[in-house]
Amino acid sequence: MPDPLGELRDALLASPTQPSPHLVHLDVNREVRTGVPEVVLASGKDAATLLMITQTLLDERGRAIISRVGSTKLRALQQQFTEYRVEEYPRARMVVIKRPDFLPRPTGGRVGIVTAGTSDAGSAEQAQVLAEEMGCATSVIYDVGVAGLHRLVQPLQRFLDDQIDVIIVAAGMDGALPSVVAGLVDVPVIGLPTSTGYGLGGRGISALLSMLQSCVPGLTVVNADTGVGAGGSAALIANGAAAARNQTESANGQNPSAA
């Protein structure tokens, strides 16, 4: 059986060593251990440190996923990694850099993403990027908030027809849409509050508190603007559902699907 605590146990039992002079201690095996890859937060890091971390992840894992990338650091990454595949996601402020030989591994997981407004798209697309990097297929519905709730009906029905495994709902302002969606579907729903709004509470506080106080049992909520957290959680759920489907299909003598 897999031993998820083996790495921690070995580290705790190892002989004491001198403190490392290095500023960064990368968790390069995180995806193997937890199913969620390490995502490098670019903000707060100088360019030299960011480039070193990125190179290490490329050497060890073949891919580096970077969030909160500003224009100056984006240029530094572009200039440094000209021989790699650099995938840019401007609205999400994310960059994914891959070795030329890196191959994605589709899992068969299906993640649906809904935004209340177009202003919520940046956080939603953070979730989309990470879910896709974790092997999931994603579908996105934009701008179907509660001010015009009729816009939600047909797209949400498509999600149900496509047998989506989990739905992320990104909303700012009053943050009402995740509760609405969670009250209509029989799959897990993750509320993603965004810092979209006016005045008091307009930095995601009102949306976050509204989702936490939802009347709908089972609505899961991440912190404001935490698209990476929502995407990672959704992909874990979807990948677990896909693994169960494949196991059932194998037991029934069918070919497991991975799409």
Side-chain angles (χ1 to χ4, degrees), residues 7 11 17-107 109 111 113 115 118-138 140 168 170 192 194-195 222-236 239:
E7 187 175 330
T17 58
Q18 293 296 322
S20 171
H22 300 295
L23 181 65
V24 178
H25 294 83
L26 288 177
D27 187 4
V28 295
N29 293 320
R30 182 176 300 173
E31 185 170 18
V32 175
R33 189 177 67 253
T34 70
V36 182
E38 174 147 13
V39 178
V40 180
L41 180 65
S43 60
K45 295 180 177 65
D46 60 80
T49 300
L50 179 61
L51 295 176
M52 180 271 289
I53 291 171
T54 302
Q55 187 64 66
T56 301
L57 288 172
L58 288 168
D59 292 342
E60 296 289 337
R61 308 306 308 175
R63 174 188 62 187
I65 305 171
I66 310 165
S67 68
R68 301 287 176 93
V69 182
S71 58
T72 300
K73 289 172 185 171
L74 175 59
R75 286 194 296 272
L77 291 167
Q78 292 169 330
Q79 293 169 2
Q80 180 72 19
F81 297 106
T82 56
E83 298 183 3
Y84 295 81
R85 289 153 43 201
V86 179
E87 301 170 1
E88 302 171 23
Y89 302 91
R91 275 199 296 204
R93 295 176 60 202
M94 293 184 71
V95 176
V96 181
I97 303 177
K98 300 173 182 175
R99 284 198 316 238
D101 61 348
F102 183 87
L103 296 176
R105 297 179 180 176
T107 61
V111 175
I113 303 172
T115 78
T118 52
S119 297
D120 306 314
S123 294
E125 290 180 10
Q126 289 176 21
Q128 182 182 17
V129 170
L130 187 57
E132 290 181 352
E133 289 302 318
M134 290 174 64
C136 294
T138 65
V140 186
I168 299 169
L192 171 55
T194 68
S195 54
V222 299
N223 204 353
D225 295 330
T226 314
V228 166
S233 297
L236 283 176
N239 287 342

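Under the 3.5 Å distance criterion, the side-chain polar atoms of Asn239 are matched with a main-chain donor or acceptor of Met134. A donor-acceptor pair under 3.5 Å is formed between the side chain of Thr226 and the backbone N or O of Ala224. A donor-acceptor pair is defined here as one N or O able to donate and one able to accept, closer than 3.5 Å; no such pair exists between the side chain of Arg30 and the backbone of Val39. Of the possible polar contacts, one joining the Arg99 side chain to the Leu58 backbone as a donor-acceptor pair under 3.5 Å is found.
A 4.5 Å side-chain heavy-atom check between Val95 and Ile97 finds at least one atom pair inside the cut-off. No side-chain heavy atom of Phe102 sits less than 4.5 Å from a side-chain heavy atom of Arg61.
The two atoms that bring Gly227 and Leu192 nearest to each other are N-CD1, 3.8 Å, heavy atoms only. Taking every heavy atom of both residues into account, Ala121 and Thr115 meet most closely at CA-CG2, 4.4 Å. Residue Gly229 comes nearest to Val222 through the heavy atom pair C-CG1, 4.3 Å, listed as atom of the first residue, atom of the second, then distance. Between Val36 and Gly232 the shortest heavy-atom distance is CG2-O, 4.3 Å. Taking each heavy atom of Leu50 and Ala42 in turn, the nearest pair found is CD2-CB, 4.0 Å. Listed here is the closest heavy atom pair of Ala131 and Val111: CB-CG2, 4.3 Å.
Using a cutoff of 4.0 Å between basic side-chain nitrogens and carboxylate oxygens, Arg33 and Asp27 are scored as salt-bridged. A salt bridge links Lys98 with Glu133: the distance from a Lys NZ or Arg NE/NH1/NH2 to an Asp or Glu carboxylate oxygen falls below 4.0 Å.
Taking CD of Glu38 as the start and CG of Asn29 as the end, the distance is 10.5 Å to the nearest 0.5 Å. One finds the CG atom of Asp46 at 7.5 Å from the NZ atom of Lys73 (value rounded to the nearest 0.5 Å). The CD1 atom of Ile66 sits 4.5 Å away from atom CG of Leu77, with the distance rounded to the nearest 0.5 Å. Rounded to the nearest 0.5 angstrom, Leu130 CG and Tyr89 OH are separated by 11.0 Å. If you take CG on Asp120 and CD1 on Ile113, they are separated by 12.5 Å, rounding to the nearest 0.5 Å. Annotation: the span from Arg63 atom CZ to Glu87 atom CD amounts to 9.5 Å, rounded to 0.5 Å.
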Q | Steps toward side-chain contact (heavy atoms from CB on, under 4.5 Å) verdict (Thr56, Glu60) | A | CA-CA 6 Å; Thr56 301; Glu60 296 289 337; 4.2 Å; yes

Q. side-chain contact (heavy atoms from CB on, under 4.5 Å) between Ser67 and Val40: does it pass, once the steps are laid out?
A. CA-CA 6 Å; Ser67 68; Val40 180; over 6 Å; no

Q.
Between Ile53 and Lys45, does the side-chain contact (heavy atoms from CB on, under 4.5 Å) criterion hold? Intermediate values first, please.
A. CA-CA 10 Å; Ile53 291 171; Lys45 295 180 177 65; 3.8 Å; yes

Q) When you look at Met94 and Val69, which way does the side-chain contact (heavy atoms from CB on, under 4.5 Å) test go after all the steps? A) CA-CA 6 Å; Met94 293 184 71; Val69 182; 5.8 Å; no

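Judged as a side chain to side chain donor-acceptor pair (under 3.5 Å), and not counting sequence neighbours, the contacts of Glu132 are Gln128, Thr138.
Using modelled atom types, one finds no donor on one side chain facing an acceptor on the other under 3.5 Å when comparing Asp225 with Thr194. There is a side-chain donor-acceptor pair under 3.5 Å between Gln78 and Glu88.
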